[in-house]
Amino acid sequence: VHALHGQILYGLLGVVAQVLRVALVDIRRRAVGDQQGIALAAMDSAQRGQVFDLIEAYVRNMRPSVADRQMRDLRDAGLEKLRFAWAGSTTPDAPHYYRLHGPTLIVARSSHQAQLLARVLELLNAADLAVRLFPDHEALPYDPFSPHPDIIANRLATLAGLPSMGRGILLTPISALLQRLPPAAYITQRSFNIAAGDELVIDAFRRRLEHAGYEAAEQVYQAGQFAVRGSVVDLYPAGSATPYRLDLFDEEVESIREFDPDSQRSTGRIDRIDLLPAREYPCDESGLDAFRRAFRNRFDVDTRHVNLYQDLRAGVHPQGLEQYLPLFYGETSCLLDYLHGNPHLVVQDGVEEAARDLSRRTHERWEQRRHDVERPILEPGELFFTPEGIADRLDALPRTDLPSAEAPAPRTPVFETRQPPDLHIHERGREPAAALLSFIEEFSGRVLFAADTPGRREVLRSMLSSFGVS
């Protein structure tokens, strides 16, 4: 590390190596690289101190206020979440390369764009890198409807995994980044696990699930549901890909099996399951009491005529209760608060305009609905962070801006290309692949066939083989 005071090719934490035209490839190359080097958690105190001195040397190139915040966040998060990689000569002043791994946050201008980017990155992900999508509620501000349970489950699962994500990619639309979220400690405090051999009293377990926001059902088919039938408990944990079936012997968990929600047939056996809360707000008595007090203090209305309030008193979770989330907590969090340390920020073009547009539409909908005494609503600033406030937090992060599709590309390489002829295989023709075979015969270069799934690749390979193409 002492040799790093020589000629340095690249440094992360605010130093962007280069901006490429093909932005997704750039993201993948920087974030997906092999986990080379040493985790800082594996170093001794002297080595860690030297690496921290190196980090500080680069961070201090920023504005003092930003540099102080970066160093404080790094110390609070813990250096053990970073990896130090080295390549090149170990001789002082000789060329070398090093990097420090950390998470990447990609902010998209819309939910649709975030989903598209997530699918592309999953396709390009050849290094088993964690790629997580944090969606918005897919509902308009002040809608009297709750998000689909699967959306809530995916959001909670993503939030639960962020504190331990040292290296990976998190994608989110700007609408989700503007939302106020439960305090960062909420999920940890209300999560629990069950293992085979554990003691389980059904009545107490049922109450615990209800307090975690799970809903009793005749048959379990979506996240956040459970069903009790004698000594069998079916459970679909939030964020899980499959539901589980607990078989009890007296008051002991004899086995835990996955099962198909369509056929209801049990499949593989597992040893343990982890359960997240099923809702973004607390559902135990203390949490609901706190909400009711906050509701009465916040709104000067007769609660006897507020259906939402009366439903909650009757033990029913009313639709659209997520629009009152801040009343459940003394304070709320931002998505950035769930990430330990400072991620590298990648911003899609149009994010700032989308944030301002969402803020404008939110205020318009608030103006239309704020006089409804039977369903009073919170002000926009109570449900969302302001675009300016989020922009200030993002300005403190090392950042790459993705160019728009219309932006001219600097130093764009020019390749000699032309539109290929019609090469369709006509199955009913006398010579189905005549055009393709003629093209391959006359073309002097190499030919690449692409398929979008492994299954279609094998079908294509078999078909080409039948035409003598290998």
Trainee: Taking the six-membered ring of Tyr142, is the NZ or CZ of Arg369 close enough (under 6.0 Å from the centre) and on axis enough (within 45°)?
Mentor: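 Relative to the ring axis of Tyr142, which defines the angle, Arg369 lies outside at least one limit.
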Trainee: Between Arg109 and Asp349, is there a donor-acceptor pair closer than 3.5 Å when you use the side chain of the first and the backbone of the second?
Mentor: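 Yes: the side chain of Arg109 pairs with the backbone of Asp349.
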Trainee: Please, which pairs that meet ring-ring contact (aromatic ring centres under 6.0 Å, His included) have at least one residue in residues 212-233, sequence neighbours excluded?
Mentor: none
Trainee: Tell me yes or no: between the side chains of Arg180 and Thr332, is some donor less than 3.5 Å from an acceptor?
Mentor: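 Note: Arg180 and Thr332 side chains meet the donor-acceptor criterion.
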Trainee: Applying side chain to side chain contact (heavy atoms under 4.5 Å, CB included) to Leu327 and Leu378, what does each step give before you reach the verdict?
Mentor: CA-CA 9 Å; Leu327 298 182; Leu378 297 173; 4.1 Å; yes
Trainee: Is there a side-chain contact between Val253 and Phe205, using heavy atoms and a 4.5 Å cut-off?
Mentor: no
Trainee: Locate the shortest heavy-atom distance separating Gly230 from Ile202; write the atom from each residue and the value.
Mentor: O-CD1, 3.3 Å
Trainee: Could you list the residues that satisfy side chain to side chain donor-acceptor pair (under 3.5 Å) with Asp357, not counting sequence neighbours?
Mentor: Arg360, Arg361
Trainee: Is the CZ atom of Arg370 crowded by more than 12 outside heavy atoms at less than 6.0 Å?
Mentor: yes
Trainee: Could you tell me which non-hydrogen atom of Phe299 sits nearest to which non-hydrogen atom of Pro376, and how far apart they are?
Mentor: CD2-CB, 3.5 Å
Trainee: Verify the neighbour count for atom CD of Glu331: are there more than 12 heavy atoms of other residues, nucleotides or ligands below 6.0 Å?
Mentor: no
Trainee: State, with a plain yes or no, whether a side-chain heavy atom of Glu280 is found less than 4.5 Å away from one of Gln179.
Mentor: no
Trainee: Dump the intermediate steps for side chain to side chain contact (heavy atoms under 4.5 Å, CB included) on Ile256 and Ile273, then the final yes or no.
Mentor: CA-CA 8 Å; Ile256 304 175; Ile273 56 177; 4.0 Å; yes
Trainee: With a 3.5 Å distance limit and no angle check, can you tell me whether His148 reaches the backbone of Asp150 through a side-chain donor-acceptor pair?
Mentor: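 Yes, His148 side chain to Asp150 backbone: donor-acceptor pair under 3.5 Å.
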Trainee: Report the residues that fulfil side chain to side chain contact (heavy atoms under 4.5 Å, CB included) with Ala196, sequence neighbours left out, ordered by chain and then residue number.
Mentor: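 Listed in chain order: nothing, the list is empty.
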Trainee: Checking side chain to side chain donor-acceptor pair (under 3.5 Å) against Asp284, which of Arg190, His211, Arg208 comes through?
Mentor: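 Of the listed residues Arg190, His211, Arg208, the side chain to side chain donor-acceptor pair (under 3.5 Å) partner of Asp284 is Arg190.
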Trainee: Does Thr104 reach the main-chain N or O of Ile169 with its side chain, forming a donor-acceptor pair under 3.5 Å?
Mentor: no
Trainee: Does atom CZ of Phe145 have more than 12 heavy-atom neighbours from other groups under 6.0 Å away?
Mentor: no
Trainee: Looking at Asp274 and Arg272, is any side-chain nitrogen of the basic one under 4.0 Å from a carboxylate oxygen of the acidic one?
Mentor: yes
Trainee: Would you find a donor on one side and an acceptor on the other, under 3.5 Å apart, between the side chain of Tyr244 and the backbone of Arg269?
Mentor: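 No; judged by distance alone, with no hydrogens or angles, the pair does not exist.
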Trainee: Are the side chains of Gln323 and Leu383 in contact, using a 4.5 Å heavy-atom criterion?
Mentor: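 In contact.
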Trainee: If you compare all heavy atoms of Ser359 against all heavy atoms of Pro387, which two are closest, and at what distance to 0.1 Å?
Mentor: CB-CG, 3.9 Å
Trainee: Could you list the residues that satisfy side chain to side chain contact (heavy atoms under 4.5 Å, CB included) with Ala217, not counting sequence neighbours?
Mentor: Gln225
Trainee: Side chain to side chain contact (heavy atoms under 4.5 Å, CB included) for His305 and Val373? Distances and angles first, verdict last.
Mentor: CA-CA 8 Å; His305 302 300; Val373 295; over 6 Å; no
Trainee: Not counting sequence neighbours, list each pair that qualifies as a ring-ring contact (aromatic ring centres under 6.0 Å, His included) and has a residue in residues 375-397.
Mentor: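 Non-adjacent pairs meeting ring-ring contact (aromatic ring centres under 6.0 Å, His included): zero.
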Trainee: Let me know which of Leu170, Asn154, Thr172 forms a side chain to side chain contact (heavy atoms under 4.5 Å, CB included) with Arg132.
Mentor: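 Of Leu170, Asn154, Thr172, side chain to side chain contact (heavy atoms under 4.5 Å, CB included) with Arg132 is met by Leu170 alone.
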Trainee: Taking all atoms of both residues into account, what is the closest heavy-atom pair of Pro182 and Tyr338, and its distance?
Mentor: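 The pair with the smallest heavy-atom distance is O-OH, 2.6 Å.
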Trainee: Could you check whether any side-chain heavy atom of Ile187 comes within less than 4.5 Å of a side-chain heavy atom of Pro277, counting everything from C-beta outward?
Mentor: yes
Trainee: With a cut-off of 6.0 Å (strictly less than), are more than 12 heavy atoms of other residues, nucleotides or ligands near CZ of Arg313?
Mentor: no
Trainee: Identify the two heavy atoms, one from Gly213 and one from Cys283, that lie closest to each other, and give their separation to 0.1 Å.
Mentor: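 What the structure gives for the nearest pair is CA-SG, 3.5 Å.
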Trainee: Would you sort out whether Arg245 and Val220 count as a side chain to side chain contact (heavy atoms under 4.5 Å, CB included), showing the intermediate values?
Mentor: CA-CA 10 Å; Arg245 179 163 291 151; Val220 169; over 6 Å; no
Trainee: Are Leu181 and Phe134 packed together at the side-chain level, in the sense that at least one heavy-atom pair is separated by less than 4.5 angstrom?
Mentor: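 Contact flag for Leu181/Phe134 side chains = yes.
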Trainee: Within the 4.5 Å heavy-atom criterion, are Leu209 and Leu275 side-chain neighbours or not?
Mentor: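 Side chain of Leu209 against side chain of Leu275, heavy atoms only: contact under 4.5 Å found.
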Trainee: What is the minimum heavy-atom distance between Leu339 and Pro343, and which atoms define it?
Mentor: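 Nearest pair, atom of Leu339 first, then Pro343: CD1-CG, 3.9 Å.
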Trainee: Hey, are the side chains of Leu308 and Leu312 touching, using non-hydrogen atoms and a 4.5 Å cut-off?
Mentor: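 Of all side-chain heavy-atom pairs linking Leu312 with Leu308, none is under 4.5 Å.
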Trainee: Please check this pair: side chain of Arg365 against backbone of Pro141, looking for a donor-acceptor N/O pair closer than 3.5 Å.
Mentor: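 At least one qualifying donor-acceptor pair exists.
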Trainee: Among Phe295, Tyr186, Phe291, find the residue that satisfies the ring pair (Phe, Tyr, Trp, His ring centres under 6.0 Å) test when tested with Phe328.
Mentor: Phe291
Trainee: Kindly indicate whether the side chain of Leu394, heavy atoms from C-beta on, has any atom under 4.5 Å from the side chain of Leu177.
Mentor: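 Yes, their side chains come closer than 4.5 Å.
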Trainee: Suppose we screen for side chain to side chain donor-acceptor pair (under 3.5 Å). Which residues come up paired with Glu382, at least two apart in sequence or across chains?
Mentor: Arg298
